[in-house]
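The block underneath contains the structure these notes are about, expressed in structure tokens.
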Amino acid sequence: MSKDYQASNINVLKGLEAVRKRPAMYIGDVGSRGLHHLVNEVVDNSIDESLGGYNDIVMVSINKDGSITIEDRGRGIPIDIHPIEKVSALEVVMTILHAGGKFDKDSYKVSGGLHGVGVSVVNALSEWLVVEVKRDGKKYSQEYRRGIPQYDVKEIGFVNKKDTGTKVTFMPDAEIFTASTKFKFSTLAERMRELAYLNKNISISIKDEIEGDDETFHFKGGIIEFVKYLDENKTVFHSPVYIEGEKDNVPVEIAFEYSDAYSDNIFAYVNNINTHEGGTHLSGFKTALTRTFNSYAAKNNLIKGNKKVTLTGDDFREGLTAVISVKVAEPQFEGQTKTKLGNSEVRSIVEMLVGEKLSEYLEENPAIGKKIIEKCARAAEAREAARKARDLVRRKNVLDSMHLPGKLADCSISDPEHTEIYIVEGDSAGGSAKMGRDRRFQAILPLKGKILNVEKAKLTKILENTEIKSMIAAIGAGIGLEFNAEKARYGKIIIMTDADVDGSHIRTLILTFLYRYMKELVETGRIYIAQPPLYKIKKGKEEKYAYDDDERDKILLRFQGSSTEANTNPDSNLPKGVTISRYKGLGEMNPDQLWDTTMNPETRTVLQVNVENAIAADKIFDTLMGDAVEPRRAFIEKNAKYANIDI
Ligand code: 0RA
């Protein structure tokens, strides 16, 4: 060691200590999400290099020892001595909070939400980290332990002058990530795929040396291909419309197309971050879309036959799949999850660009224009019919939460913060649940048989379905555009179905409905899946429940260990005196058992449904519920056992 770093730079140590003391403040949490965020943080820096036109390749590798490497061909982190800190700029970037960004101001460095905290945060949360930089014909490196440099930046060789880039390898610190430090290929790959769609000039490869997985993402068509990918399993009306432009230093890129789906599917990005909560770029787009299409339709007399209906924004969004990608130098992120763009200037920029370019596009592609207008006019007619149907239903008071469905066993507390509703498959399981529950805060709604597949049905049909109506009434917060999560009568919505193929299908149907018509509940993490046990294992008076095969085997081993006699039953592998029963359905459990194993908040496990990856969620629902048969078969075969829709 050339210098005693442990004592030399008190500011660095203070910064590292702050990060290690409150890691969640910097990376959101110390669970799986935070762990994978470390990788994204480094990759974001590589992508930033590509935004400036300096980088075309990012390579991510999960290494055999569990560490991870991110390598790019950017300019390489500068290594010259930093004028203020008096050490290599590389060391500054790696050890000083918020020094990681470009020093130049006109880059679109991501700086909101959890992004852009800097590589120094990754360094502070790594047991060890090695950085290698190729720059000016030389190769340099430095190593750190929990963020502390182990030696000065050193030269380790020569390279071709044109050969530049940065390579970061790190081992996440198990002292910080106490649950697990294992990187998941699919989680990382989904984000890499998204980044490759959003940045068409870059090729991103990822490999997993442990599991042997390997993928490379490079989409020359960028977001046009992204839109096609999102609609892969849908029937589309035309090839994507593509709009590109820049105003006041804000580059805007939009691709969209219409399919025969009933809902819309818009992904809006700012500096490669998915702005789940929307914002000014999204509202600018929506306004321009409605206005431009309406004036095009009027000018070309395209809604002659439908004089009575006026087309609204909703009509122009039915079946719309769109990707909006803008770059903003100083984005303001607002909203609950800091994923809503606040910059007001962006609204008019997007609105103007879309207005201008879409008009041009429609003049040049009249056939497509006509098709879209006709499609949206049909949507308007259907909307009108649906409104009538809804009014009818409303008049009958079915959707009114004052009239709760007869099958609902409500709870006595009314504060949603403390209440939960179990949506249960079948009347008999519903009966057990009603008897087993804690009636103060647990409500039970049994559903009979399969509910309607909302992915394939029009709103009018959906509103006629008894099971769906009772869910809407019980939850009490409306549906679709009128949905208001604040009115929801329960804090948790727990889906409880049998652990078999039918149960899995019913669960997917319910989830599809909630995802399409009460999305906010999914987005705010209020939907859960109950986990009933698969086995009951008995030895004498002792009873144990197992929730999967591994757990069953562990319990059996334990019983075997405590058994003094050898197994004398030649027909089974079971220890003596032990019996196993496999639960075929919830109905086989008596109320007490159901409470003990699945409903008691003290002892149960429930899976929270989250849409961490909205793209994956959308695809799963399309695949499982849409028209196309082949992809569904492929999905089910690939996810054999029973597809666990933990999206
Ligand atoms: C600071 C300044 C510059 C580039 C970077 C950091 C940089 C960071 C990372 C992290 C992973 N890959 C990276 N590539 C670059 C600007 C360099 C210049 O002005 O020459």
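As the structure lists them, so they are numbered: ligands from 1, and atoms in each ligand from 1. Every value quoted in this text rests on a predicted model; they were computed, and no experiment measured them.
- For Glu49, no nitrogen or oxygen atom sits less than 3.5 Å from a nitrogen or oxygen atom of ligand 1, counting backbone and side chain alike.
- For Tyr54, the OH atom counts as loosely surrounded, since its 6.0 Å shell holds 12 or fewer non-hydrogen atoms of other residues, nucleotides or ligands.
- Exactly one of Lys154, Gln150, Glu132, Glu91 qualifies for a side chain to side chain donor-acceptor pair (under 3.5 Å) with Gln142. That residue is Glu91.
- Cation-pi geometry between Lys492 and Tyr528 is satisfied (NZ or CZ under 6.0 Å from the ring centre, within 45° of the ring normal).
- Heavy atoms of Val119 come nearer than 4.0 angstrom to ligand 1 in no pair at all.
- Of all atoms in ligand 1, numbered sequentially from 1 with element shown, those under 4.0 Å from a heavy atom of Asn45 are 9 (C), 10 (C), 11 (C).
- Polar contact check, Asp72 against ligand 1: a nitrogen or oxygen pair lies under 3.5 Å apart.
- Neither the backbone nor the side chain of Ala89 comes within 4.0 Å of ligand 1, counting heavy atoms alone.
- Exactly one of Ile324, Leu341, Val323, Thr275 qualifies for a side-chain contact (heavy atoms from CB on, under 4.5 Å) with Tyr269. That residue is Val323.
- Under the 4.0 Å criterion applied to side-chain N and carboxylate O atoms, Glu211 and Lys182 are assigned as salt-bridge partners.
- For ligand 1 and Thr166, the ligand atoms under 4.0 Å from any heavy atom of the residue are 11 (C), 12 (N), 13 (C), 14 (N).
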So Ser67 and Thr169, side-chain contact (heavy atoms from CB on, under 4.5 Å) or not? Walk me through it.
CA-CA 7 Å; Ser67 67; Thr169 302; 3.9 Å; yes
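- Residue contacts with ligand 1 for Arg135 involve side-chain atoms from C-beta outward but no N, CA, C or O (heavy atoms, distance under 4.0 Å).
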